[in-house]
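Position 1 is the first residue of the sequence, and the numbers go up from there. Note that the structure is a prediction, hence the values are computed from the model and not measured.
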Amino acid sequence: KQEKLYTELCSEGAESEEMNQKEIEKYRKAGQIVSQIRKELPQIVKKDILLLELAEKIESRIIELGGKPAFPVNLSINEIAAHYTPSYNDEEKAHGLLKVDFGVHIDGNIVDNSVSFDLENSDENQKLIKTAEEALKKAIENAEKNSSLGEIGRAIQDVCEKNNFSPIKNLSGHGIEEYNLHSKPTIPNYDNKSNVLLNEGVYAIEPFVTKGIGEVYDGKPSGIYEVRGKGNIRDSNARKVFEFILEEYQTLPFCSRWIFKKFGARGLLSLRLIEASGALHQFSLLIEKSKMPVAQAEHTILIHKGKVEVLTE
């Protein structure tokens, strides 16, 4: 059964066709859910709230509004640029420069976004956040002008450097396709000299800004997973968990917290067995190399019939 499910997933994602109106409306609905939650975030993102509580609130709200989480809510603090999601028993509290990165999908039609919060009343944190937001605005303006990827990256880089900050060069925006959160092309946060133009489609633009050197490295495992193969899973419980993953999340990222909620401690053991089989990839925390705080701003845009629509405002 799991091999059949995996084969079906692969074949579903094999071809990318021009979006039809039904798909566009699903992207717009997902964007409306994100927009509503973005308005609510200042009321729920408070210093010392448990990250676990915050993640659960956002993910539950997505479902209440008629969507599904496109990936586990990322709540990355200070020098952790991305990929921190709370474990089922996490006791970490919100503090510092907190990036709230979450996505919504309707039948695999995904929108992605991020908002940063200064929880320390820090002038430096606030300046980083404003720079990331300004860089995002300039990047979208360049997309509206049909600028190349290099020019979009240059717009982000110029805003960062004007404020004496650096973009993180080995993190980037990305294309989005049905049930594929990170598809081509890569949308750089600096001028990579690319002359490629953005075609009709859906794209996430996400500047990461820091006072540091502007690169991230892989830290410890994040507890966020993605299906990468069918594996050779011998344990019967692990096979059941893998079948659930394929049916529930398909090719989208998921986390150990969600598996624990469904299967308890047995599910966590199964995750380790599935990962060891090669069927799963576990993402690492992404940490700024000089351990300086990172701000992130992100919107998803739709390019259709020559016009750019920001889906997540």
Side-chain angles (χ1 to χ4, degrees), residues 13 15-20 23-24 27-28 30-31 34 70 81-82 99 101 103 109-116 128-216 286 288-289 294-313:
E15 295 184 9
S16 176
E17 298 179 354
E18 189 173 314
M19 287 181 295
N20 60 40
E23 290 172 330
I24 289 172
Y27 281 114
R28 286 176 175 155
V34 166
K99 295 152 295 283
D101 187 347
N109 298 280
I110 306 160
V111 297
D112 191 359
N113 89 114
S114 179
V115 187
S116 293
L128 278 166
I129 293 168
K130 286 178 181 177
T131 299
E133 290 172 348
E134 183 185 349
L136 176 59
K137 182 180 178 182
K138 292 293 184 184
I140 292 172
E141 287 174 0
N142 271 265
E144 291 170 341
K145 297 173 187 173
N146 199 30
S147 299
S148 68
L149 291 177
E151 289 167 333
I152 292 171
R154 166 53 66 181
I156 292 169
Q157 184 175 356
D158 284 348
V159 171
C160 294
E161 292 177 351
K162 177 186 74 176
N163 291 295
N164 298 313
F165 295 131
S166 300
I168 294 186
K169 292 186 175 181
N170 59 341
L171 291 177
S172 61
H174 47 90
I176 296 175
E177 296 175 347
E178 188 174 333
Y179 282 107
N180 186 356
L181 178 60
H182 290 95
S183 67
K184 293 180 180 179
T186 291
I187 303 175
N189 288 323
Y190 69 102
D191 185 2
N192 68 350
K193 309 300 181 185
S194 171
N195 293 319
V196 173
L197 301 177
L198 292 177
N199 297 318
E200 179 166 310
V202 180
Y203 304 92
I205 301 177
E206 49 180 323
F208 290 83
V209 182
T210 183
K211 188 76 172 178
I213 64 174
E215 289 184 31
V216 293
L286 299 176
E288 207 281 322
K289 279 189 176 180
V294 176
Q296 177 193 15
E298 180 181 16
H299 275 309
T300 295
I301 63 171
L302 164 69
I303 301 179
H304 183 57
K305 295 183 178 178
K307 294 183 178 180
V308 174
E309 179 181 343
V310 182
L311 295 169
T312 50
E313 278 185 324

### Query
By side chain to side chain donor-acceptor pair (under 3.5 Å), which residues pair with D191, not counting sequence neighbours?
K193
### Summary
Residues I110 and V202: closest non-hydrogen pair is O-CG1, 4.2 Å
### Task
Could you grab the distance from atom CD1 of I156 to atom OG of S172, nearest 0.5 Å is fine?
9.5 Å
### Query
Which residues pass the side chain to side chain donor-acceptor pair (under 3.5 Å) test with E134, sequence neighbours left out?
K162
### Task
Flag the pair D101 / D112 as yes when at least one side-chain heavy-atom distance between them is below 4.5 Å, and no otherwise.
yes
#### Entry: Heavy-atom side-chain proximity of P185 to Y203 below 4.5 angstrom
yes
### Side-chain donor/acceptor of N170 to backbone N/O of V216, under 3.5 Å
yes
### Closest approach of T186 to P188 (non-hydrogen atoms, all atoms of both residues)
O-CD, 3.5 Å
### Task
Please report the closest heavy-atom contact between Y190 and P167, naming both atoms and the distance.
CB-CG, 4.4 Å
### Query
Would you say K99's side chain and V294's backbone share a donor-acceptor pair under 3.5 angstrom?
yes
### Message
My understanding is that only residues two or more places apart in sequence, or in another chain, count here; which of them pass side-chain contact (heavy atoms from CB on, under 4.5 Å) with A295?
### Response
L97, S116, L128, I129, A132
### Task
Check whether any side-chain heavy atom of I168 lies under 4.5 Å from a side-chain heavy atom of N189, and answer yes or no.
no
## Note on the structure
On a heavy-atom basis, the closest approach of C160 and T131 is CA-CG2, 3.9 Å
### Query
Mind checking what makes side-chain contact (heavy atoms from CB on, under 4.5 Å) contact with K211, not counting sequence neighbours?
E124, N164, F165, M292
### Task
Could you tell me whether the side chain of T300 reaches within less than 4.5 Å of the side chain of N113, counting heavy atoms only?
no
### Task
Name all residues meeting the side chain to side chain donor-acceptor pair (under 3.5 Å) criterion together with E206; count only those two or more places apart in sequence or in a different chain, and write none if there are none.
H174, Q296
### Task
With sequence neighbours left out, write down each residue that passes side chain to side chain donor-acceptor pair (under 3.5 Å) with S148, or none if nothing qualifies.
E151
### Side chains of L149 and L198 in contact at under 4.5 Å (non-hydrogen atoms)
yes
#### Entry: For I301, the option from V111, V310, I187 that meets side chain to side chain contact (heavy atoms under 4.5 Å, CB included)
V310
### Query
Is there any salt bridge (Lys or Arg N to Asp or Glu O under 4.0 Å) pair reaching into residues 297-313, and which pairs are they, with sequence neighbours excluded?
R28-E309
Listed pairs under 3.5 Å, donor-acceptor, residues 138-146 side chains, sequence neighbours left out:
residue, atom, partner, partner atom, Å
N142, OD1, S147, OG, 3.1
N142, ND2, K138, O, 2.9

### Query
K289: what forms a side-chain contact (heavy atoms from CB on, under 4.5 Å) with it, not counting sequence neighbours?
I213, E215, Y217
